[in-house]
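Quick notes on the structure that follows.
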Amino acid sequence: MALGEGVSDFGEGQAVFGFVMSGAHAEYLVVRADGAVLPVPKGLELRDAAALPFGGVSALVFLRDYARVKPGQKVLIIGASGGVGAYAVQIARIMGAEVTGVASGGNEALVRDLGAVEFVDYRQQDLGALATRFDSVIDTVGVVRFGQIKHLLTANGVFVPLNFGLREIRQALVSALFGGRRVRIGVSGDTKADLAVLGRWVTDGQLRPVVDRRFALSDIRAAHAHVEGRHRKGAVLLDMVA
Ligand SMILES: NC(=O)c1ccc[n+]([C@@H]2O[C@H](COP(=O)([O-])OP(=O)(O)OC[C@H]3O[C@@H](n4cnc5c(N)ncnc54)[C@H](OP(=O)(O)O)[C@@H]3O)[C@@H](O)[C@H]2O)c1
């Protein structure tokens with residue numbers, strides 16, 4: 001790493017990890033020193049640090065700022081083994097919630113290991129028929145509509161779809177006016193403060209990177225195809241240098 005003029009928070013050549021909303025597949029990138037970039041937490045391999053920011057920051061922001069998860073609450077996470085979901089399960093547990101994770105059966109062990117106390121295989125069970133009532137339902141995949149899961153929410157429960165369109169925008173506005181069960185939508189951002197929260201959780205052993213597969217830059221098409229298949233387990237990494 002090289003430093004711009006007047007930057008004193010980092011050392012020349014120091015290993016850093018970070019996140020830019022605009023994204024980049026590049027060996028070198030110019031970022032603001034006050035942006036979402038920090039030294040790699042002690043004891044963490046550089047390649048594992050790369051697996052944290054996207055899923056971790058997204059999960060943190062949606063659980064903390066949109067679902068507003070409180071200790072003791074019940075949270076349903078759809079896509080619990082995925083890029084955001086694998087972090088959402090861990091972070092909801094860190095926040096003191098009781099997590100039910102949804103994925104296919106082959107990922108049950110992973111999702112439970114990440115901290116889910118209950119698991120639902122969406123290929124075997126109808127989500128709409130679950131008996132539990134949740135304080136929040138987080139859909140990281142874009143597979144359910146508010147109308148399909150509204151009855152699974154507690155009286156003031158919140159549905160947080162990470163993918164949303166006009167329908168969810170309207171539902172968020174209308175449900176905010178009337179109170180009760182509601183939809184909250186938003187974007188997750190990329191701040192240094194949120195990255196620092198992840199770093200602290202990793203350092204004290206509460207959060208771990210989840211790495212699915214690594215691809216060489218020359219296999220970028222296969223990497224994108226794998227991610228677009230919507231069955232990744234945590235983060236997919238690109239090796240920039242052979
Ligand atoms: N609004 C924002 O600011 C913001 C921020 C970040 C992300 N996002 C969006 O949020 C989404 C996050 O995606 P991601 O990368 O985390 O997803 P992903 O990794 O592609 O999701 C994979 C997960 O979805 C599960 N899954 C696949 N098909 C399913 C189905 N039919 N029903 C239930 N679960 C199913 C998979 O389980 P199995 O493999 O076991 O099938 C796996 O757990 C993206 O669309 C992204 O655009 C939005």
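Atoms within each ligand, like the ligands themselves, are counted from 1 in listed order. Only heavy atoms go into these numbers, but all of them, side chains included; no hydrogens, no water, no symmetry mates.
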Phe159 and Phe146 aromatic ring geometry - parallel, tilted or perpendicular at 30°/60° bounds: parallel
Glu108 side chain reached by Asp121 side chain, heavy atoms, under 4.5 Å: no
Side-chain donor/acceptor of Arg184 to backbone N/O of Tyr66, under 3.5 Å: yes
Cluster companions of Phe178 among Ile, Leu, Val, Met, Phe, Trp, Tyr (side-chain spacing under 4.5 Å): Val174, Leu177
Residues in contact with ligand 1, criterion: heavy atom under 4.0 Å: Phe54, Ser58, Phe62, Ile78, Gly79, Ala80, Ser81, Gly82, Gly83, Val84, Ala103, Ser104, Asn107, Tyr122, Thr140, Val141, Val143, Leu162, Asn163, Gly186, Val187, Ser188, Arg230, His231, Arg232
Salt bridge flag under 4.0 Å for residues Lys70 and Asp135: no
Any donor-acceptor N/O pair, Thr140 side chain to Ile78 backbone, under 3.5 Å: yes
